Each structure stands twice: as structure tokens, then as C-alpha cells.
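Reviewing the structure listed below.
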Amino acid sequence: MIYPMDRTSNGNFITSMWSKMEKSFGLMFYQKKTKQHVQGMKVPIYVRITVNNEQTDLSTKQKCNLGLWNAEIGRMNGKSEEARELNAFLDLIEQKVYASKRKLMEMDVEVTADRIRCLVQDRPIDQDRHTIMEAFKLHNEQMKQLVGIDFAEGTMERYQTSYDHTLRFLQHRYKVNDLDLKKLDYEFITEYEFWLKTERRCSHNTTMKYLSNFEKIVHICLAKKWLRADPFLGYKKSKKPVDKIPLSEIELMAIASKEFTTDRLGAVRDIFLFSCFTGLAYADTQKLKREDVFIGVDGNKWINCKRQKSKSSSRIPLLPVAERLLAKYAEDPFCLETGKLLPVKSNQKMNAYLKEIADVCGITKTLTTHIARHTFATTVTLSNRIPIETVSKMLAHQKISTTQEYAKILDDKVSRDMNELRLKYV
């Protein structure tokens, strides 16, 4: 039989407010009579701690006669020495419970009945407790070991930047360097989005990319059962359409015909041109080896490689200009030592040097390694009437709708097609 009574030091049930949610807190002492109880035997006293409807019971290791126990106040009746000592001991336990609750709040840790119990018993709390930055750090450390195997260096850099943004958001919004995973909710996600756009001045699409990175961490935590509910549930990520502006044929030829005084810029230009005439992304160009070139069904040289990003197979017939570029670096010391086809530098250096090349060639567009892929899709292939299905296959797109995004911006192709139509309806 249980004789309960919720009480604080003044005998009243207490409801406490902390964080952003109201949490009910209850503390009560009661006697628990066992089946082996014999009349006259003392009955064990327990303390029950309740937080937000979750409770845990803890033995006080004290006993009291049923007739002397006051269930209303949760204490022993009388002024005897035994009563004074027992009630003083129960007061100490009650104080320790409230002190443990305060400690959890000061630690910025979610208050639970089990955590309070651990502190009261002087045991470490939450051996299974996990935090946002802990989970993010673990993911990034594992990803770092897989760079060059499953991930490109650029992908690793993006997740590190995402990690840094998440840390700064926690410092800005919660004034902490880490936060319990259980505090992740829909509001956290929407506030993070707002912070990225306002404080970090990220564009809408860039914000969505960072949130997608963060969502991956969340899904890993859900799979490991570190997190019960998905904070992204009901949240809709959307990307705004962006025109992918490639180089025009005139701009492409300006770069190809330019004489550079430094080998550094000349090599970067050549690698950029190779991507323009093959459609290979930076990561795929960087890892190309001699064995990736083979003789195709037409008797010409082809490239066969697996895309770093999607793991899809990409088989591309080499155009003469691409073949000449490979031949140019066949005896390059770096290529001979590594077996690589081209002496590709880091993506960061490539993009920095491409800015110099744009300035020298009088091109106002921002040159990046990725614009080369766009140029292949549009200026080199689609504009020259290569069927979109063929282009999609060479680009290793998993959906043709991805390739169709490039076709939308071909004003010159639209003009040429309409001119043919105009001749028909003269």
C-alpha cells in the first residue's frame, strides 16, 4: 500500500517553469508496504520524484511504523528523538533533490526525474546523453577520414562551415557552446533559418544547403535513437530557381586563345578548359587517372569514371581539344609521379587563379570550377544540337529534369531555332 503526499518544504505541490516549456515537478515521501509485511514491523520510506509526468522512486533506506507515519505531510508524527532524527534526514534528502534540480538547470541540461535521481545518488548523469555539437563533430571526424574515398575535400569544407555556423547560432541564440539534442524542435529549425539569413547574410538557397547539412546530422541521431522526434517534421525546405550562366562561345575562345606569362595560370586555364570540354566536375577531374581513359566503340578515346558526388558512372567521348590537353601534360612530373591525368590544384586555389584569368581575359562573369560544367552542358553540347538525353548521360545526371535546367537559359539556341521557323513561315 502507498500513502502519498506531494509536498515541498511548506507542504504544497510545486509547479516550476524553466526553459521555454512548462514542466510539472513533484516531490513526495511515502511508505511502501511489502507482501511480507507483518503487523508491528516498520515500513520502508521512499521518495518519488516526478518531472513532466515521468517519475522515479528512490529508497531513503529509512523505516517508520505505520501508525506513526503522517501521509499528509510525508513525515513521522511526534517529537521523539526518533521522529526528529528521521524527519531531519528526510529534510536533507528533500534539499538534495531541489539542489540537484537547480544544478541541472545551471548546466543547461534538460531536467528529468532520472537525472535528478542520479545526482541525489552521486552517480554520473546521462551516460547516453548526447548533444548537437557532439553529434556534428563525430560526423565531421568520420567524414574527414573518408575524404578521397566517399567524399570530396569540398564537401568536407562545406560541412565544417555548417558546423561553425551551428556553433555560432547556439552562442547567439542560447548563449551556450552546445545543447542537448532533446531540445531540438521545429522552433529551433525556423530560428536557425532566420539567423542564417539575417546574421550571416546567407542567400535563401545557401541557407537551404546549410539546413540540409544540419538535417543529415539530425537523421543520423534519429537512426541511432539519440533523438525521439524529427524537428524537421512539417518544415519545408525549398530552393529558388537560379539561372546557371555559362560562358559564351566567344568568352570560351578568349580564354582558350590567351597567352599567359606564368605556367601557374596556364595550367589552371588548361584544366578549366578540359572541364569545359568534358563536363567533369572539379572533384572528378582531380581524381582522373590514366586507366580512366579507354578506346570506345567508335575507336576514339573515352573517359570512364564514377562521379564523386552521386557515384553515377560517367562515360564521355573525348573531343580533340580535350585529347590535346591531356597529351600536353602526359610528361608532367606531378602526373608521372601520381598517375593522374592533370596537375589539378586545390579547389580554393583553382577558383582564386580563375579570378585572375577572368580579369586578364576581360570576362566579367565569376569564373569558378563549376561554371566549366555548365559551359559544357550548354555552350559546347546543347547549343550544338546534341540531344538532351545524350548530354544528361555524359553529365551522369540521375534525372533528365536536372539537365533541362541548363536548356532553359539557351537564348541563342532559342533564337536560332526561331530563325529556322521564321524561314519556314516567310
Side-chain angles (χ1 to χ4, degrees), residues 154 203 205-206 209 239-258 268-286 288 300 302-303 305 307-310 312-326 342 344 347 350-351 354-355 357-359 361-422:
S203 67
N205 286 356
T206 300
K209 286 181 181 178
K239 286 190 177 181
K240 295 178 180 178
V242 176
D243 284 345
K244 300 174 181 179
I245 307 299
L247 293 177
S248 66
E249 188 170 352
I250 293 175
E251 291 168 329
L252 185 58
M253 291 303 105
I255 294 174
S257 60
K258 185 68 178 179
V268 171
R269 182 271 310 276
D270 290 343
I271 294 164
F272 177 76
L273 286 177
F274 181 80
S275 294
C276 286
F277 287 101
T278 60
L280 289 173
Y282 164 79
D284 303 320
T285 303
Q286 185 186 47
L288 275 182
N300 295 315
W302 288 47
I303 280 180
C305 66
R307 287 211 65 203
Q308 180 79 44
K309 182 177 181 180
S310 64
S312 301
S313 180
S314 184
R315 296 165 69 88
I316 308 163
L318 285 177
L319 294 171
V321 61
E323 282 195 54
R324 288 195 295 271
L325 288 169
L326 290 184
L342 293 166
V344 183
N347 197 30
M350 285 286 293
N351 287 329
L354 284 171
K355 288 181 181 178
I357 291 172
D359 290 338
C361 295
I363 294 173
T364 56
K365 292 173 183 174
T366 302
L367 282 193
T368 65
T369 54
H370 202 59
I371 201 175
R373 186 167 166 83
H374 297 171
T375 301
F376 174 79
T378 54
T379 307
V380 175
T381 56
L382 290 174
S383 289
N384 287 298
R385 303 188 180 185
I386 302 298
I388 195 168
E389 295 83 5
T390 302
V391 177
S392 184
K393 180 68 175 177
M394 290 190 289
L395 292 174
H397 284 161
Q398 296 177 322
K399 296 184 294 184
I400 199 167
S401 58
T402 306
T403 318
Q404 287 170 337
E405 290 298 317
Y406 296 112
K408 292 179 181 179
I409 60 172
L410 294 174
D411 290 342
D412 58 335
K413 184 177 186 301
V414 172
S415 174
R416 188 170 62 198
D417 291 346
M418 289 303 291
N419 281 333
E420 290 182 4
L421 189 62
R422 189 176 291 112

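Being a predicted model, the structure only gives us computed values, none of them experimental. All heavy atoms count here, side chains included; hydrogens, waters and symmetry mates do not.
- For the atom pair NE2 (His370) and OG (Ser275), the distance works out to 11.0 Å, reported to the nearest 0.5 Å.
- Contact annotation: the side chain of Phe274 approaches that of Leu318 to within less than 4.5 Å [non-hydrogen atoms, C-beta and beyond].
- Here the straight-line distance linking atom CD1 of Ile245 with atom OG1 of Thr378 works out to 9.0 Å at 0.5 Å rounding.
- Residues Thr368 and Tyr282 fail the side-chain proximity criterion, which asks for heavy atoms closer than 4.5 Å.
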Q) Should Lys393 and Arg315 be marked as a side-chain contact (heavy atoms from CB on, under 4.5 Å) after you check the CA-CA gap, both sets of side-chain angles, and the distance that decides it? A) CA-CA 8 Å; Lys393 180 68 175 177; Arg315 296 165 69 88; 5.6 Å; no

Q | Chi angles and distances behind the side-chain contact (heavy atoms from CB on, under 4.5 Å) call for Arg324, Val321 | A | CA-CA 5 Å; Arg324 288 195 295 271; Val321 61; 3.8 Å; yes

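- Between the side chain of Thr375 and the backbone N or O of Leu247 there is at least one donor-acceptor pair closer than 3.5 Å.
- Between Thr278 atom OG1 and Met394 atom CE the span is 10.0 Å, to the nearest 0.5 Å.
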Q: List the steps and the verdict of side-chain contact (heavy atoms from CB on, under 4.5 Å) for Thr381 and Ile388.
A: CA-CA 9 Å; Thr381 56; Ile388 195 168; over 6 Å; no

Q | side-chain contact (heavy atoms from CB on, under 4.5 Å) evaluation trace for Thr285 with Ile271 | A | CA-CA 8 Å; Thr285 303; Ile271 294 164; 4.1 Å; yes

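- Two residues are said to be in side-chain contact when any heavy atoms from C-beta on lie closer than 4.5 Å; Cys276 and Leu252 meet this criterion.
- Looking only at distances, no side-chain donor or acceptor of Arg373 sits under 3.5 Å from a matching main-chain atom of Leu280.
- Asn351 pairs in a side chain to side chain contact (heavy atoms under 4.5 Å, CB included) with only one of the listed residues (Ile371, Thr369, Val268), which is Thr369.
- Taking 4.5 Å as the limit, some side-chain heavy atom of Leu319 sits within range of a side-chain heavy atom of Val380.
- Between Ile357 and Phe272, the closest side-chain pair of non-hydrogen atoms is not below 4.5 Å.
- Summarising the local packing, NZ of Lys355 is surrounded by 12 or fewer heavy atoms from other residues, nucleotides or ligands at distances under 6.0 Å.
- Looking only at side-chain heavy atoms (C-beta outward), Ile400 and Glu389 come within less than 4.5 Å of each other.
- The distance from atom CD of Glu251 to atom OG1 of Thr364, rounded to the nearest 0.5 Å, is 6.5 Å.
- In this structure, Asn205 contributes its side chain and Lys240 its backbone to a donor-acceptor pair below 3.5 Å.
- Distance OG/Ser248 to CE/Met253: 9.5 Å, rounded to 0.5 Å.
- One finds the CD atom of Gln286 at 9.5 Å from the CE atom of Met350 (value rounded to the nearest 0.5 Å).
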